[in-house]
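A, B, ... follow the sequence lines: proteins, then strands. Residue 1 opens every chain.
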Amino acid sequence: MEELIKNLKLQVIDALNLEGMTPDDIDNDAPLFGDGGLGLDSIDVLELIVLLERNYGIKLSNPAQGKAVFASIATMAAYIAENRKK
Amino acid sequence: MTAKLSDNIVSPLGFSTAENVSAVLAGRTGVKTWEGAFGIHEPFGASLFNREEVLEKALGEGISGYTFFDTVALLSATRAIRESGIDPSSPDTVFILSSIKGNIDRLESDPGAVPLWASAAKIAGRFNNPNTPIVVSNACISGLCALIHATRTLLSGRFRNAVVVGCEVQSRFIVSGFQSLKAVSAGPCKPFDAERCGLNNGEAAATMVISSQGPDYAWKFGAGAVRNDANHISGPSRTGEGSYNCLRSVLNHCTREELALISVHGTSTRYNDEMESIALSRAGLSEIPVCALKGCFGHTMGAAGILETLVTMGALERGIIPATKGYSTPGTSYPVNVSPFNRTTGKKAFIKLLSGFGGCNAAMLFRKGGES
Amino acid sequence: MRIARWCRITPSSVVVDGKAVSVEGTGSLLLKDLYRKFIGDYPKFFKMDTLCRLGVAGAALLDSPGEPREDRAVLIFSASGPLCNDTHYQKTISEEDYFPSPSLFVYTLANIVTGEISIRNHWKGDTSAFVIPGFDAGEIVASTLSCLADPVTRSAICGWAECSGDDSFDLLMVLAARDEGGLPFDAETLDYLYGRTYQEP
C-alpha cells in the first residue's frame, strides 16, 4: 500500500502540474478539493478519472462517483487497490 | 445603422437559409447517434454532413481543391455573396471568419492548413478581396462576436460591407475533447429539460453579408455586448454573471415588450442551461419566450452565433417562435419560458445570447425594419 | 486612447515601459521566473499552456489584481492561436494510446488566454481573441478602438501574444486607456514598441 500511495502521489503531481510539490508535501488524508487541501477543481477531477483509467485500468464513467473516490490520496489508493485491472 | 443584405446556411438540414428554417419549423433534426465515427468508440450524438453531398454541391459552384472546412465555408460564402449584390473584391469590403478549430483535422497530415488565418486568406482570396481578413476565435460565442466586431468595424467607417462567415466541421480532435470533459450526450440533446445530459456536436457554415447601409425592411444590428465571468475557464458562472451583464447592457437599447424572444445558447449541459436560467431571471426576462436550436443542429460552435441568429430571423419573418426540440419537462432552478412547440408572434425583435469556454458571454439585439 | 503602460516579452528578454527587467533563464524558464517575481501566489499558473502563461505574465507586468471591474477589455491577437498546445493534445488521442486529456483540451481554444487574464485580475469586461497572419499594429489599434463602441469599456489590455513552441514566443502588450497621458495609441507607436526588445550585451 505504501508503494502504491507513493506512486500515486507522483502520478497526481505530474498529471495535475502541481509545480514544486513532492510526495511528502501531500498528506494522505488531506482533502484534495476545497479549502485546506490541494484546492483542485472540476477539470482536475476529470484528469484524475483519465489517470485511473490509463494507469490502473479503472473506468469511472460517472463523475459524481468521483467525489468519494477522490476525497483524499488515501481514499483514492484504497479504491485503486480494490478495483485495479492493471 | 448596420443591416443584413443577404445570408446563407449550409448544414446537414439544407443548403440555404430558407431550407434550414423550414426544416426547424417542421421539427426536423440533423442529430443522430454515431459509433466509431472519427475512430471514436464511445458513442456520441452529432449532426454531421454527408460529405459527398457537400463536395458535389461545392463542385456545382466551381469550388474544388480545398480542405473540407474551407469548402463548406466557401460554399456558404459564395451563395450569400451572390445574393447580396456587393462587390467582394472591393477595398470597401472586409471578410471576417468565425471558427474555433478550423482545419484542426489536418494537424498531422497538413499542418500548414491549420492556422485559422490561412482559412480566412483562402476564403477572401477566392473573391480577390484586397484586405487582410480577420478571424474571431472566441470559443462558442465566436459567431456573435464576429457580428459584433463587424458592426463596430462598419460603424467606425473603416469598411462599407462585411462578409461574416461562421464555420465548424467536427473531428476526432473536437469530439474526443468534449467527451473528455464529459460534456457530450450519446443521444439527442435536451436543452433546459430535467433529463438533459450533455451536448451534441454539430457541423455547419453560416454567412451574413452586412452593410453600413441597407434597405428599410432589412434586419438591423443593434447593440452588442461581450462580458467575461472572470470565474472559471470551462465552468459557467454559478450566478450567470457574464450573461447577466451582457443582457443588462443590451436591455438599455430596447424594451422587454418589443422582444419576440431570447434566442438562447441552450447547450443542454446541466451547468450551461442552469446558468442561463439564472441570468435570464436576474435580467427580468423570465416571462419572455426563449428558444434553443441545438436540438436541430447540435452545437455548431464557431458557426452557432450566425446560424442560430439567421434561423431565428427566418422564423420571425414567418411569425413563428421555433420550438425547442428535445425539451419536455422543466429542469432549471429558475423558470424559463421554453416550449416544445412552435408558437406564433407578431413581434420582430430579439436578443441572441451565447456563452463559451474562457468564461466569455455575448448578447446582441436584432430588429427587423418595416415591410418590403 | 493613450498607452498608459506597455511590456515586451521574448524568450530571452523582458522590457516594461522601456526599461529592461532582469530575468533568469530563457524560454519557458523565463516565464517561470516572471511568475516568481511578479505573481508568486497563483499555482494555477502551472496548469496553463504556454500561451496563457505568456498572457498572464504580461498582464501582471502592467497591472495588479484589484476590485472586480467591467470597464477593462482584454483583446489578444496572434497568428498561431493555441496551435502549440493543440499538438500536445493531439498526442493524447493517438490510435495506440487513446486517453484524451481534458486539461490539455481546454487550452486548445484561442481565447482561453483572455479568460485566464480576466480570472486572475477579476476583470469582467469585453474579452476577445483574434487571429491574423502576423503582427499588424494597424489592425490591433483599429480593432481595439472599435471596441470603445461599448460605452462601458474605458480601458483595454491588448496586444500581440504569439506562441509557436513552449520556448518560442513573442508578446507586445499595452494597457490603453481613454484617460489622458502616456504615449499615443496608434499604429506607428505600436510598431516602434514592437521593435523595443532588450538584448543582453
Are there any donor-acceptor pairs closer than 3.5 angstrom between chain C and chain A, and if so, which ones?
| unit_1 | atom_1 | unit_2 | atom_2 | d |
| --- | --- | --- | --- | --- |
| C:Lys32 | NZ | A:Glu19 | OE2 | 3.3 |
| C:Lys47 | NZ | A:Leu16 | O | 2.7 |
| C:Lys47 | NZ | A:Asp44 | OD1 | 3.2 |
| C:Asp97 | OD2 | A:Arg54 | NH2 | 2.6 |
| C:Ser101 | OG | A:Glu47 | OE1 | 3.0 |
| C:Ser101 | OG | A:Glu47 | OE2 | 3.2 |
| C:Ser103 | N | A:Glu47 | OE1 | 2.9 |
| C:Ser103 | OG | A:Glu47 | OE1 | 2.6 |

- [ ] Can you see which heavy atom on C:Pro100 is nearest to which on A:Val50, and at what distance?
- [x] O-CG2, 3.7 Å
- [ ] Counting only heavy atoms closer than 4.5 Å, note whether A:Leu16 contacts chain C via side chain, backbone, both or neither.
- [x] both
